[in-house]
**Q** 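Here you go, one structure.
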Amino acid sequence: MNHSKTAVWRGHPQPLGASWDGEGVNFALFSERADRVELCLFDLKTRRETERIAMRWQTNQVWHCYLPEARPGLLYGYRVYGPYDPKQGLRFNPNKLLLDPYAKQIDGDIKWSDALFGYRVGGPREDLTMDRRDDAPGMPKCRVVDTAFTWGEDRPLRAPWHDTIIYELHVKGFTQLHPDIPPPLRGTYAGLATDPVIEHLKRLGITAVELMPVHAFVDERSLVEKKLKNYWGYNSIGFFAPDMRYSATGSINEFKSMVKGLHSAGIEVILDVVYNHSAEGNHLGPTLSFRGIDNTSYYRLIPGEPRLYMDFTGCGNTLNMMHPRVLQLLMDSLRYWVVEMHVDGFRFDLAAALARELYEVNRLSAFFDVVHQDPVLSQVKLIAEPWDIGEGGYQVGNFPVLWTEWNGRYRDAVRSYWKGEGGLIGDLAYRLTGSSDLYELSGRRPYASINFITCHDGFTLEDLVSYNGKHNEANLEDNRDGSDDNRSWNCGVEGPTSDPAVLGLRARQKRNFLATLLLSQGVPMLLAGDETGRTQRGNNNAYCQDNEISWMSWNRESEDRELLSFVSELIKFRKSHPCFRRRSFFQGPRVKGTGVKDIVWLTPDGREMTDEEWRQSDARCLGLYLQGDATNEDDDRGRPVIDDDFIVLLNSHHEAIPFLLPRLGERDAWQVVLDTARANGDALYQGAEQFPLQARSLALLTRVKIGAVAAKIAEGVKLAASVANPAGR
């Protein structure tokens, strides 16, 4: 290897990272405490280090230089010199090649060895002696990219929150087994933009896909040694670089083409992003990037013992959002994905960790302040996973305006209710109507609640109704990993069965969950595959299963097609009725100028619920009457929003309950739109007549004029036809 033989100019401290300007490449790296920085260049074919260039210029703690002869495609990394004193939190080690935090593309996988660690590895405790082995042969390399791309007419879709249907999926898992995707494109960004995938999403009625992490990430050494992988990807090391494992072409433009294709189909792209920690782990972890560049700036260290890391994430470290350069890194990354990659929003993993100023979560932290004033980021969809593992980390309902949240209380209440637990109707009522108890007082709207029954973390819907306990043996952790609080019910048999009664009950329970989700106020989020009965065989923590346990199967049986049709028709129904996607909370008796209430809660005997009845410990049945001419809402043009009247009836009891329907005029009747227990979409009931609400079922009825029934029957029949036959399903 030769030292500098390339022309080197001074360059500029901004922008950070490697930037091609059409004539050369500017390199800029922040390190507050470094004594010296070298830019390392690598041969494109052999990937061997060919040159080290001293970055002699430093401006405002940014080391920089300009290579007038460099071009896109160049492979590079950094070596950073400085004091090595782990007891003081200083971990500089120039023997370790470091990834650029601003790298737009990272090529290659880590080849694990002891050389990737900054200290001597071997004993049960950290040996504080510096490891002097060169780890470059086992490290991925950064690649200079040309960001030019022809976007044409592509623009942000900006779908309103109240009209949004989110679909959480994994790029590889969703496409790997699809028989209609060309084999070279399966498991890739390009595969996700193919016609078969887009047709499936459009048939469902999805308006936004939420992609599990696509930032460049690392498979932990412990997993690799077990022949497993970090399938989920919550182990980021490159906040600007799409992971190339999902690329069929090896170009970042493939990701852009995917976004453009989905936008053309009217589907937004939301990224699940992990800014709370990095892949470098705790004090015993490898030195890959931030740790070797400036450990004390990038990470939160324990006061008085800076050898160790504060860990609010369960992943060994927490990024230091109180440092202005780290906050800049996060904001620059977010803006890059919006401006250069055209994504429409973000879901922030363990977002409470980003809001911690010292130890407590602060909803007015610098992170939120910067996002709110940013002219780009304040316009995109922002979703918080509103918790971390630290004390006080559960913050559902406490994020500021502009933010939506994964509503864990919605998931828990709905799961517990349909499991058959009593005394939950009060909590359930809040969840069905947008969780006003969590969001209204802070000035937020029902769409602040991202409602979900299942997500990547936990059981699939099929497994939620098929297993009482987790079955994570394939993870090789003796079934100790994963949550034990699943609120699941196997309907009488653990796991697979051929018992028709059990299968029928499971099918009904799935319809109950899906109907509840799609008839609730707020933003519904579906887990990919729940609409076709995807199973993980009882594994509720499949983070390391890059195989058919996690991948979506596209071999549909008849029951899967029925469920898919059921979900599609439900989403279509939701989109056509503003009663179920309100922009404001129900006012109840507070509706002004109408003389009626916009919502009435009913007991099975047809009366309005009393305060005492809400608190009954054995209550498992309730109804809600939505009055479509009293929405108290306007559309985008200021016109009153008018809809039909609806009744939603829910019964999680193991026995049928006759439900007395509200009295109507002589020319009116209640038509059944949906009954998860039977197919009777054209059934009519006169007012003050008892409806036979079956055990463990949900029914939706609409008020119709008897003379106009024919115009309404089609809608009800479509939904009912997607429910399996009355004989058992």
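Here, residue 1 is the first one in the sequence, and each next residue gets the next number. Here the structure is a predicted model, which means the values were calculated and not measured.
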**Q** Do the side chains of Glu548 and Leu177 get nearer than 4.5 Å, heavy atoms only?
**A** yes
**Q** Looking at Trp403 versus Phe348, is the centre-to-centre ring distance below 6.0 Å?
**A**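 Yes.
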**Q** What distance do Leu503 atom CG and Ser498 atom OG have between them, rounded to the nearest 0.5 Å?
**A**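 If we round to the nearest 0.5 Å, Leu503:CG and Ser498:OG are 7.5 Å apart.
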**Q** So which of Asp463, Leu461, Asp457 actually passes side chain to side chain contact (heavy atoms under 4.5 Å, CB included) with Phe459?
**A**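 Exactly one pass, corresponding to Asp463.
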**Q** If we ignore angles and hydrogens, is there a donor and acceptor under 3.5 Å between the side chains of Trp161 and Thr404?
**A**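 No, Thr404 and Trp161 have no side-chain donor paired with an acceptor closer than 3.5 Å.
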**Q** For the residue pair Asn451 and Ser520, confirm or rule out a side-chain donor-acceptor distance under 3.5 Å.
**A**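 Their side chains do not contain a donor-acceptor pair, so the 3.5 Å distance test is not met.
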**Q** Holding to side-chain contact (heavy atoms from CB on, under 4.5 Å), I want the full list of residues that pass it with Ser466, two or more places apart in sequence or in another chain.
**A** Glu462, Arg506
**Q** To check you understand the geometry: which heavy-atom pair defines the closest contact between Asn468 and Glu494, and what is its length?
**A** N-OE1, 2.7 Å
**Q** Report, as yes or no, whether the 6.0 Å neighbourhood of atom OH on Tyr430 holds more than 12 heavy atoms from other residues, nucleotides or ligands.
**A**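 For Tyr430, atom OH is not crowded (no more than 12 foreign heavy atoms under 6.0 Å).
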**Q** The criterion is side-chain contact (heavy atoms from CB on, under 4.5 Å); which residues satisfy it with Ser435, sequence neighbours excluded?
**A** Asn407, Arg431, Asp437, Leu438, Tyr439, Ser449
**Q** Which heavy atom of Val380 sits nearest a heavy atom of Asp344, and at what distance?
**A**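 The answer is CB-O, 3.4 Å.
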**Q** Between Phe691 and Phe659 (judged by ring centroids, cut-off 6.0 Å), do the two rings come close enough to count as a pair?
**A**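 That pair fails the under 6.0 Å test.
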**Q** Evaluate the criterion side chain to side chain donor-acceptor pair (under 3.5 Å) for residue pair Thr603 and Asp605; output intermediate values, then yes/no.
**A** CA-CA 5 Å; Thr603 65; Asp605 60 5; 2.2 Å; yes
**Q** Do Trp232 and His170 make the cut of ring centroids closer than 6.0 angstrom?
**A**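 No - the distance between ring centres of Trp232 and His170 does not fall below the 6.0 Å cut-off.
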**Q** Go through the structure and list residues passing side-chain hydrogen bond (donor to acceptor under 3.5 Å, both in side chains) with Gln690, not counting sequence neighbours.
**A**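 With neighbours one apart ignored, the set is empty.
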**Q** Quick one: does His577's side chain get under 4.5 Å of Asp644's, heavy atoms only?
**A** yes
**Q** Determine whether the side chains of Glu633 and Ser584 contain a donor N or O and an acceptor N or O closer than 3.5 Å.
**A**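 There is such a pair between these side chains.
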**Q** What verdict does the side chain to side chain contact (heavy atoms under 4.5 Å, CB included) test give for Leu526 and Thr454, after you've listed the backbone C-alpha separation in whole Å, the side-chain angles of each residue and the deciding distance to 0.1 Å?
**A** CA-CA 7 Å; Leu526 288 166; Thr454 59; over 6 Å; no
**Q** Please find the pair of heavy atoms, one from Leu698 and one from Thr516, that lie closest to each other, and give the distance.
**A**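 Distance-wise, the nearest heavy atoms are CD1-OG1, 3.6 Å.
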**Q** Between Asn486 and Asn540, is any side-chain donor less than 3.5 angstrom from a side-chain acceptor?
**A**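 Asn486 vs Asn540: donor-acceptor pair found between side chains.
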**Q** For Tyr543 and His456, I'd like to know if the aromatic rings sit close, meaning centre-to-centre distance below 6.0 Å.
**A** no
**Q** Looking at Trp601 versus Phe586, is the centre-to-centre ring distance below 6.0 Å?
**A**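 Not close enough - the centres of the two rings lie 6.0 Å or further apart.
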**Q** Using a distance-only test with no angle check, is there a side-chain donor-acceptor pair under 3.5 angstrom linking Thr676 and Arg508?
**A**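 Thr676 vs Arg508: no donor-acceptor pair found between side chains.
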**Q** Does the separation of the ring centres of Phe573 and Phe580 fall below 6.0 angstrom?
**A**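 Yes, the ring centres sit under 6.0 Å apart.
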**Q** When you check the side-chain N and O atoms of Asn541 and Asp481, is any donor under 3.5 Å from an acceptor?
**A** yes
**Q** To the nearest 0.5 Å, what is the distance between CE on Met552 and NE2 on His178?
**A** 7.5 Å
**Q** Answer yes if the side chains of His653 and Gln694 hold a donor-acceptor pair under 3.5 Å, and no otherwise.
**A**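 Looking only at side-chain atoms, Gln694 and His653 do not form any donor-acceptor pair under 3.5 Å.
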**Q** Establish, yes or no, whether a centroid distance under 6.0 Å links the rings of Trp406 and Phe399.
**A**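 No, the ring centres sit 6.0 Å or more apart.
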**Q** Answer yes if the side chains of Gln395 and Asn398 hold a donor-acceptor pair under 3.5 Å, and no otherwise.
**A** yes
**Q** Given Ile425, which partner from the list Glu613, Gln616, Arg615, Met609 fulfils the side chain to side chain contact (heavy atoms under 4.5 Å, CB included) test?
**A** Met609
